[in-house]
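To keep things clear, I will list the structure first and then write my remarks on it.
Both backbone and side-chain heavy atoms feed into the values below; hydrogens, waters and symmetry mates do not. Start at 1 and go down the list; that is how both ligands and their atoms are numbered.
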Amino acid sequence: MQILDTVIRNARVVTAADIFTCDIGIRDGQIVSLATDLPTGLKEIDAAGRHVTPGGVDSHVHLDQPTGDGSVMADDFYSGTVSAACGGTTTVIPFASQQKGESLRAAVEDYHRRVGDKPVIDYAFHLIVTDPTPDVLQRELPALIAEGYTSFKIYMTYDALKLGDREILETLSVARREGAMVMLHAENSDCIAWLTERLLAAGLDAPRYHATSRPMLVEREATHRAIALAELVDVPILIVHVSGRDAVEQIRWAQSKGLKVYAETCPQYLFLTAASLGCDDSFEGAKCICSPPPRDPANQQVIWDGLENGSFEVFSSDHAPFRYEGHDGKKAHGESPTFEQVANGIPGIETRMALLWSEGVRKGRITPQSFVALTSTNAAKMYGLYPRKGSVAIGADADLVIWNEGEPVRITNEMLHHNVDYTPYEGMQLSAWPAITLARGEVVWDGEPRGAAGRGKFLPCQKPAPAQTRRRPHELPL
Ligand code: URP
Ligand code: ZN
Ligand code: ZN
């Protein structure tokens with residue numbers, strides 16, 4: 001047997017299915033043996049008594065994404081991926097967003113330029129389709145899907161991004177034909193605009209009114225409509241950043257009808273509430289402005305229940321990094337802008353895994369196996385990266401997290417490695433944090449960030465199995 005590069009000893013390995021104790025043998029960046037009493041490797045890591053999980057696959061992150069409103073994302077493909085690695089994530093899937101009037105191909109080329117030699121962990125891209133012209137739908141999108149961009153996001157809100165129902169149908173039908181996964185941002189744009197106009201006219205413009213302008217029914221209606229449009233086309237969809245009961249009920253209704261409707265939620269819907277946007281008119285609440293907004297404790301419980309009972313496939317960060325101070329982030333429109341002028345999104349790429357392991361697994365709300373499924377395996381499957389990513393298995397990339405548990409960890413922004421000047425989780429007490437993160441067998445975090453810029457590789461994605469249509473005979477000529 002050829003000598004092993006690294007042996008991780010006595011790991012308590014967790015996969016989406018099992019927990020077992022063994023040594024993990026790594027060669028050339030891949031897991032090549034799972035056994036007991038492996039021969040000594042060039043490097044030895046003692047994991048006795050520690051859980052070892054697959055590295056996280058964070059399938060919803062925004063890095064260096066132009067916004068068009070004067071705000072700038074604080075994390076590029078270096079700081080964003082360093083931060084990810086320090087929090088136990090070894091693969092990220094950010095977005096390459098088309099600008100209206102621009103070709104999709106141009107967007108992809110632009111994002112590869114932005115990546116340059118920066119990433120320290122592996123990455124793929126989702127597309128964002130904002131301008132589904134005949135050329136985009138008939139030529140560019142199919143070609144990009146064939147090249148490994150096998151998922152794309154559609155927005156139902158935000159003027160610069162949203163598609164109308166007819167455009168959504170046309171775009172879904174390409175996804176069906178080509179076998180791509182469609183992610184839907186489901187909020188009713190007109191309801192938000194109508195409420196926003198009235199709130200602003202009444203002088204109710206503080207950050208907390210962001211939540212008032214996007215009540216749950218706005219998300220419920222759009223979620224239902226997205227499901228109906230997908231049912232009409234007969235194509236699977238994944239509803240992203242689900243915030244609470246109303247959307248969950250729609251998703252479970254669709255699932256109970258046998259529709260392939262998948263769902264994602266994020267830490268902000270477990271650990272923040274609308275009250276995090278402020279109880280008075282102070283601007284501080286802008287730190288937690290994201291869409292859909294966080295709800296209330298009862299809805300947090302609905303999200304926990306959904307993680308436990310299988311309503312959700314994926315737990316992502318929706319890392320959208322805007323600085324609080326300065327004039328290129330939350331305050332791009334001045335020191336005290338109205339809520340609708342504040343860039344939407346919050347940071348969370350580094351805290352996602354530890355929040356769920358500490359508050360989910362260690363507090364008995366979800367099993368270790370569910371944690372792995374939600375943070376890694378399912379995302380790899382949903383987006384065509386499995387089995388290379390998302391598991392601890394022979395032949396998989398040696399992307400692993402060795403956990404430190406039982407010691408108190410107090411989250412502070414100072415300990416994080418993103419380029420944002422705050423964390424929404426400041427002061428939270430956790431009982432777990434990644435001790436070591438390995439990406440393709442290399443230590444990229446062991447209490448210090450270790451990954452070199454440029455070591456992360458682009459991952460073309462397969463057509464995901466969960467995106468395949470149910471293939472029932474269809475009366476419509478799609
Ligand atoms: O508020 C959010 N979620 N911002 C990020 C962009 C998006 O819609 O995911
Ligand atoms: Zn979104
Ligand atoms: Zn997002």
(message) Please report whether the ring centroid of His241 lies less than 6.0 Å from that of Tyr269.
(response) no
(request) Considering heavy atoms of the protein only, find what lies nearest to atom 1 (O) of ligand 1 and give residue, atom and distance to 0.1 Å. (result) Ser291 N, 2.8 Å
(message) Using a strict threshold of under 4.0 Å (side-chain N to carboxylate O), is an ion pair present between Arg323 and Asp328?
(response) no
(message) To check your reading of the model: name the closest protein heavy atom to atom 6 (C) of ligand 1, its residue, and the distance in Å.
(response) His62 NE2, 3.5 Å
(message) Within the 4.0 Å heavy-atom shell around Asp318, which atoms of ligand 1 are there?
(response) 2 (C), 3 (N), 5 (C), 9 (O)
(request) Provide the atom name of the closest N, O or S atom of His62 relative to the Zn ion (ligand 3). (result) NE2
(request) Identify, by atom number and element, the atoms of ligand 1 in contact range of His60, meaning under 4.0 Å from any of its heavy atoms. (result) 9 (O)
(request) Test side-chain hydrogen bond (donor to acceptor under 3.5 Å, both in side chains) on Thr196 and His210 and set out the steps. (result) CA-CA 8 Å; Thr196 300; His210 173 80; over 6 Å; no
(message) As an exercise, identify every atom of ligand 1 less than 4.0 angstrom from a heavy atom of Tyr155.
(response) 6 (C), 7 (C), 8 (O), 9 (O)
(message) Pair Tyr155, His185 - check ring pair (Phe, Tyr, Trp, His ring centres under 6.0 Å), show working.
(response) CA-CA 5 Å; Tyr155 282 82; His185 178 130; 5.1 Å; yes
(request) Considering only NZ, NE, NH1 and NH2 on the basic side and carboxylate oxygens on the acidic side, decide whether Asp64 and Arg114 come within less than 4.0 Å. (result) yes
(message) How far is atom 4 (N) of ligand 1 from the closest protein heavy atom, and which atom is that?
(response) Asn344 O, 3.2 Å
(message) One pair to check against side chain to side chain contact (heavy atoms under 4.5 Å, CB included): Tyr111 and Gln65. What are the steps and the verdict?
(response) CA-CA 8 Å; Tyr111 279 84; Gln65 191 177 312; 3.1 Å; yes
(request) Test Phe458 against Tyr149 for ring pair (Phe, Tyr, Trp, His ring centres under 6.0 Å), laying out the working first. (result) CA-CA 11 Å; Phe458 173 65; Tyr149 306 87; 5.5 Å; yes
(message) Within 45 degrees of the ring normal and closer than 6.0 Å to the centroid, is that where the cationic atom of Lys381 sits relative to Tyr386?
(response) yes
(request) Please work out which of His185, Lys153, Glu187, His319 has its closest non-hydrogen atom nearest to atom 9 (O) of ligand 1. (result) Lys153
(message) Can you tell me if, anywhere in Val240, an N/O/S atom lies at a distance from the Zn ion (ligand 2) that is smaller than 2.8 Å?
(response) no
(message) Closer than 4.0 Å to some heavy atom of Cys290 - which atoms of ligand 1 meet that?
(response) 1 (O)
(message) Is the ring pair Phe95/His62 parallel, tilted or perpendicular, if the boundaries are 30 and 60 degrees?
(response) parallel
(message) Among the N, O or S atoms of His185, which one sits nearest to the Zn ion (ligand 2)?
(response) ND1
(request) Report yes or no: is the cationic atom of Lys287 (NZ for Lys, CZ for Arg) closer than 6.0 Å to the six-membered ring centre of Tyr324, at no more than 45° off its axis? (result) yes
(message) Looking at the Zn ion (ligand 3), is there an N, O or S atom belonging to His60 that lies under 2.8 Å away from it?
(response) yes
(message) Checking one value in my table: which N/O/S atom of Asp318 lies closest to the Zn ion (ligand 3)?
(response) OD1
(request) Enumerate the atoms of ligand 1 whose separation from the nearest heavy atom of His241 is less than 4.0 angstrom. (result) 7 (C), 8 (O), 9 (O)
(message) I need the atoms of ligand 1 closer than 4.0 Å to a non-hydrogen atom of Gly345, numbered in the order shown.
(response) 1 (O), 2 (C), 4 (N)
